[in-house]
Student: 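I'd like to ask you about the structure that follows.
Quick caveat, the model's predicted, so the values are computed rather than measured.
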Amino acid sequence: VYKRQAPHSAAASMAASAYRIRASLVFDWASYFNQNGPMNPEAQALSQFLRDHESVTVVSGAGVSTASGIPDYRDRDGNWKNAQPVQFSEFVGSEQTRKRYWARSFTGWSKIWQAEPNAAHHALARLESSGSVDTVITQNVDGLHHRAGSRNVIDLHGRLQRVRCMDCDKLSSRRVWQQQLAAANPTWQADVESFAPDGDAHLRDAGTEDFVVPDCDNCGGMVKPDVVFFGENVPRDRVASAYDATDRAEALLVVGSSLMVFSGFRFARHAAECGKPIAIVNRGRTRADDIATLKIDADCGTVLEQAACD
């Protein structure tokens, strides 16, 4: 299902009107089908949107990585599927919370490092290579856009492949940190009930109060994954770079995100305020549906893969 949305501002209205005029031009789909085979209507709509705009900046979310085996946070209505993730204040304020977090993350890490880029990641990398995509602003922390070949990626919420000391700011690889956790907990065993987003795991009957979390080997400080927790601010320079990327492009493309978290939604709101067309490819509703020029309710991997081959 896809539809073009009514704009919510005068500037957006002018941009959307121009888009509709261009979209109304006849495209020779018969010739296209003869050469490339059929394309579904959702991919046709996105392909037209990409042709109509010289460059787009992409905001990607958890829905892009579900086909890689990494669970997402929300259902079709934008509601939490599970309990909300740990808050930043809880992590820094409670030793027991840190023990529970690292026990679950230590166990669930394999879900991240074993994941491979899927069709959506590869399609966005091809679109960047062809000049259609200026920048990918990703809310994901799995690093899969990089592994797929995208070069201009802003990791808005950081990367799980690193850990950082909150006191001396030392960065270390997650591989080394996993080894340190294993050495500190040689008899640790846990039964995984289910995997959760971002390398977390729900554990069955596992007491975490005895799980040992090493201190920073440089200063003895508190170690945290190099990601932005819920309730934590995104670094200002990262936000500024994402705004610059939004300003540079002619349009914004949102893929696999409900934009329920403000850190991602702000770029859609900014694009609309600047009169830039917005296309959204996501299963279910998003926070930006009312400001979108084009909304496609479909699997982002299928739609992007076909659109990128046009």
Student: Is it the case that the side chain of K276 and the backbone of D247 share a donor-acceptor pair, with hydrogens and angles ignored and the cut-off at 3.5 Å?
Tutor: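 Yes, K276 side chain to D247 backbone: donor-acceptor pair under 3.5 Å.
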Student: Identify the heavy atoms of L259 and A288 that sit nearest to each other, and give their distance.
Tutor: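 Closest pair (atom of L259, atom of A288, distance): CD1-CB, 3.6 Å.
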Student: Quick check on the 6.0 Å ring-centre criterion: do F91 and F229 meet it?
Tutor: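 Ring centroids of F91 and F229 are less than 6.0 Å from each other.
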Student: Counting only N and O atoms by type, is there a donor-acceptor contact under 3.5 Å from the side chain of N140 to the main-chain atoms of D142?
Tutor: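 Answer holds: no.
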Student: When you measure from the side chain of D226 to the backbone N and O of R164, does any donor-acceptor pair fall under 3.5 Å?
Tutor: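 No: the side chain of D226 does not pair with the backbone of R164.
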Student: Is it the case that the side chain of E42 and the backbone of I296 share a donor-acceptor pair, with hydrogens and angles ignored and the cut-off at 3.5 Å?
Tutor: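 No, the answer is negative, given that no donor and acceptor are paired below the 3.5 Å cut-off.
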Student: If only side-chain N and O atoms count, and only distance matters, is there a donor-acceptor pair under 3.5 Å linking R248 with T135?
Tutor: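 Yes, side-chain donor-acceptor contact under 3.5 Å.
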Student: Could you tell me whether R175 sits above the aromatic face of W113, with NZ or CZ closer than 6.0 angstrom to the six-membered ring centre and within 45 degrees of the axis?
Tutor: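 No, R175 and W113 do not form such a contact.
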Student: Do R76 and D297 sit within salt-bridge range, that is, some charged N less than 4.0 Å from a carboxylate O?
Tutor: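 Yes, this pair counts.
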Student: Check whether any side-chain N or O of D134 sits under 3.5 Å from a backbone N or O of A249 as a donor-acceptor pair, and report yes or no.
Tutor: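 No; zero donor-acceptor contacts below 3.5 Å.
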Student: Name the residue from S65, S60, S150 that meets the side chain to side chain donor-acceptor pair (under 3.5 Å) definition with H121.
Tutor: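 Result: among S65, S60, S150, S65 is the only option passing the side chain to side chain donor-acceptor pair (under 3.5 Å) with H121.
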Student: State whether the side chain of D155 and the backbone N or O of H157 hold a donor-acceptor pair below 3.5 Å, judged by distance alone.
Tutor: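 Checked: no pair found.
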Student: Within the side chain of R104, is there an N or O that forms a donor-acceptor pair under 3.5 Å with the backbone of T208?
Tutor: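 Looks like no, no N/O pair under 3.5 Å.
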Student: Are any of the side-chain heavy atoms of M260 and F265 separated by less than 4.5 Å?
Tutor: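 The answer is no; the side chains never approach within 4.5 Å.
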Student: Quick one: are E305 and H122 in side-chain contact, heavy atoms under 4.5 Å?
Tutor: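 A side-chain contact is absent here, since even the closest heavy-atom pair is not under 4.5 Å.
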Student: Closer than 4.0 angstrom, basic N to acidic O: yes or no for K224 and E232?
Tutor: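 Judged by the 4.0 Å cut-off on N to carboxylate O distance, K224 and E232 do form a salt bridge.
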Student: Regarding S130 and R126, do their side chains bring together a donor and an acceptor under 3.5 Å, going by distance alone?
Tutor: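 S130 vs R126: no donor-acceptor pair found between side chains.
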Student: Compute whether any side-chain donor of one residue and acceptor of the other, for D289 and T286, lie under 3.5 angstrom apart.
Tutor: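 Yes.
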Student: I'd like to check S68 versus L144 (side-chain heavy atoms, cut-off strictly below 4.5 Å). Are they in contact?
Tutor: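 Yes, close enough: below the 4.5 Å cut-off.
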Student: Would you call R147 and E116 a salt bridge, using N to O less than 4.0 angstrom?
Tutor: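 Salt bridge: yes.
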Student: Hey, is the main chain of I278 close enough, under 3.5 Å, to the side chain of T293 for a donor-acceptor pair?
Tutor: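 It does hold such a pair.
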Student: Is any NZ, NE, NH1 or NH2 atom of the basic residue among D210 and K99 found under 4.0 Å from an Asp or Glu carboxylate oxygen of the other?
Tutor: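 A salt bridge is absent here (no side-chain N lies under 4.0 Å from a carboxylate O).
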Student: Can you tell me if R100 uses its side chain to pair, donor with acceptor, with the backbone of T97 under 3.5 Å?
Tutor: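 The answer is no, because no donor-acceptor pair under 3.5 Å joins these two groups.
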Student: Tell me yes or no: between the side chains of S263 and Q139, is some donor less than 3.5 Å from an acceptor?
Tutor: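 No.
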Student: Of the options Y101, W188, W102, which is the one that meets F211 in a ring pair (Phe, Tyr, Trp, His ring centres under 6.0 Å)?
Tutor: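 It is W188, the one option of Y101, W188, W102 that forms the ring pair (Phe, Tyr, Trp, His ring centres under 6.0 Å) with F211.
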Student: Looking at K111 and I70, would you say the former's side chain and the latter's main chain have a donor-acceptor pair under 3.5 Å?
Tutor: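 A pair under 3.5 Å: no.
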